[in-house]
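Since the structure comes first, as structure tokens, the remarks are kept for the end.
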Amino acid sequence: MNKADSILVKVCGITEAKDARFALELGADKLGFITYEKSPRKIDFEKIENIKSELSLEKEKMVAVEVEPTIERLKNIMDQGFGVFQLHFSYDLSRDLIEQWTQLVGAENLWLAPRIPTGKSFPEDLSSYSNTFLIDAYSEGEFGGTGICSDWESFSALQNSFSIKKWILAGGLSPENIRLAIKSTNAEIVDVNSGVERSPGVKDFVKLKKFFSEISLI
């Protein structure tokens with residue numbers, strides 16, 4: 001098996017069935033559906049259900065992306081048939097709430113994505129709440145989807161220090177930099193969104209195909 005065969009790819013910001021279908025045809029392992037109200041890529045539950053039915057999506061392929069949900073909100077999202085829950089939050093969010101997320105969906109189904117300010121270290125206490133962590137670029141006003149590259153050096157250091165956990169590289173990935181990103185970080189899971197779009201929530205098939213082609217060359 002070469003390196004490319006072992007890399008898991010999540011295509012995030014899915015809002016259309018045709019985009020979801022094409023991503024899966026190219027080899028996407030996961031599809032991200034953003035349920036966060038303030039996101040320009042927000043998709044409602046009815047449309048999620050339509051895409052799921054049209055493509056006969058297995059729950060393991062479906063990742064719900066939300067920001068600091070209440071327990072009630074998270075329960076509503078769970079009812080939509082997701083297998084994975086990617087939750088973004090401020091790095092100093094109440095650990096009691098995070099623990100409730102873990103208890104509700106299970107550590108194996110929870111992808112924690114802390115928003116870590118520049119100069120701050122990864123909060124090591126978070127490691128007890130999940131098996132998987134997503135590292136995105138820091139933005140003071142937004143939780144992901146900025147198109148800004150994350151700190152690859154810090155990602156590598158975390159992946160090496162906490163090798164028992166799974167680490168997802170996100171933030172500004174595109175056809176132009178994905179090979180360098182993977183070679184620089186040894187990332188085994190990558191998350192792409194704005195780098196393969198024509199506009200927020202609308203994928204560019206040429207860019208998407210190029211993205212997967214670049215990975216295949218690793």
Side-chain angles (χ1 to χ4, degrees), residues 3-4 6-15 19-20 22-24 26-36 39-43 48 57 60-67 77 82-89 108-116 122 126 130-139 142-156 158-159 162 165-197 200-204 207-216 218:
K3 173 67 174 174
S6 66
I7 297 168
L8 185 149
V9 179
K10 169 176 166 272
V11 177
C12 199
I14 294 293
T15 62
D19 293 353
F22 192 63
L24 292 172
L26 290 172
D29 300 279
K30 307 282 186 184
L31 299 175
F33 298 86
I34 300 175
T35 58
Y36 180 50
S39 172
R41 302 168 181 86
K42 193 256 183 185
I43 183 171
I48 292 170
L57 286 178
E60 291 74 19
K61 295 276 188 183
M62 299 176 61
V63 181
V65 182
E66 183 58 88
V67 175
I77 293 171
F82 288 99
V84 181
F85 302 86
Q86 176 183 318
L87 304 184
H88 292 251
F89 58 98
E108 68 280 6
N109 304 316
L110 180 61
W111 292 1
L112 287 180
R115 183 171 66 173
I116 306 172
F122 176 80
L126 291 177
S130 177
N131 299 338
T132 306
F133 294 86
L134 182 143
I135 302 300
D136 205 339
Y138 175 73
S139 170
E142 297 180 64
F143 289 87
T146 62
I148 302 170
C149 278
S150 55
D151 184 335
W152 295 350
E153 185 175 343
S154 294
F155 177 89
S156 295
L158 285 171
Q159 190 169 242
F162 300 90
K165 300 294 182 178
K166 294 178 182 178
W167 294 89
I168 303 169
L169 180 64
L173 298 180
S174 69
E176 290 72 36
N177 67 15
I178 186 59
R179 271 202 285 168
L180 180 59
I182 292 173
K183 288 181 179 180
S184 299
T185 63
N186 285 317
E188 296 181 351
I189 312 173
V190 296
D191 185 352
V192 66
N193 190 344
S194 61
V196 292
E197 287 184 328
V202 180
K203 300 310 177 200
D204 183 313
K207 291 180 180 178
L208 200 54
K209 187 174 183 178
K210 177 70 171 171
F211 186 83
F212 279 90
S213 293
E214 288 295 318
I215 291 176
S216 71
I218 295 173

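The residues of the chain are indexed from 1 along the displayed sequence.
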Let me confirm one number: the [atom1]-[atom2] distance from [X] to [Y], rounded to the nearest 0.5 Å.
| X | Y | atom1 | atom2 | answer |
| --- | --- | --- | --- | --- |
| M62 | I48 | CE | CD1 | 6.5 Å |
| I14 | L31 | CD1 | CG | 5.0 Å |
| S6 | I189 | OG | CD1 | 10.5 Å |
| W111 | H88 | CH2 | NE2 | 10.0 Å |
| T15 | I43 | OG1 | CD1 | 6.0 Å |
| T35 | E66 | OG1 | CD | 3.5 Å |

For a side chain to side chain contact (heavy atoms under 4.5 Å, CB included) with [X], tell me which candidate from [options] qualifies.
| X | options | value |
| --- | --- | --- |
| L169 | D136, N186, V192, T185 | T185 |
| W167 | L134, T132, I135 | I135 |
| K165 | N131, L126, L158 | N131 |

Report task. Using side-chain contact (heavy atoms from CB on, under 4.5 Å) as the criterion, list what pairs up with S154, not counting sequence neighbours. Result ->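 Checked S154 against side-chain contact (heavy atoms from CB on, under 4.5 Å); matches are D151.
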Which heavy-atom pair separates [X] from [Y] by the least distance, and what is that distance?
| X | Y | answer |
| --- | --- | --- |
| I77 | F82 | O-CD1, 3.4 Å |
| V65 | C12 | CG2-SG, 3.8 Å |
| V196 | L208 | CG2-CD1, 3.6 Å |
| G172 | N177 | O-ND2, 2.9 Å |
| V9 | I215 | CG2-CD1, 3.7 Å |
| R41 | S194 | NH2-CB, 3.6 Å |

Do any N or O atoms from the side chain of [X] and from the backbone of [Y] form a donor-acceptor pair under 3.5 angstrom?
| X | Y | result |
| --- | --- | --- |
| K42 | I34 | no |
| Q86 | V63 | no |
| K207 | P175 | no |

Sub-4.5 Å side-chain heavy-atom contact between [X] and [Y]:
| X | Y | value |
| --- | --- | --- |
| L26 | F211 | no |
| L180 | W152 | yes |
| L57 | L24 | yes |
| E197 | K203 | yes |

**Report entry** Qualifying salt bridge (charged side-chain N to carboxylate O under 4.0 Å, His left out) pairs with a residue from residues 168-194, counting only residues at least two apart or across chains
**Finding:**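 Applying salt bridge (charged side-chain N to carboxylate O under 4.0 Å, His left out) to every pair that reaches into residues 168-194, excluding sequence neighbours, yields K10-D191, R179-E214.
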Requested in this report: Run the ring-centre check on F162 versus F133 and record whether the distance is less than 6.0 Å.
Outcome: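 Between F133 and F162, which both carry aromatic rings, the centre distance is not below 6.0 Å.
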**Report entry** Set of residues satisfying ring pair (Phe, Tyr, Trp, His ring centres under 6.0 Å) with respect to F212, sequence neighbours excluded
**Finding:** none
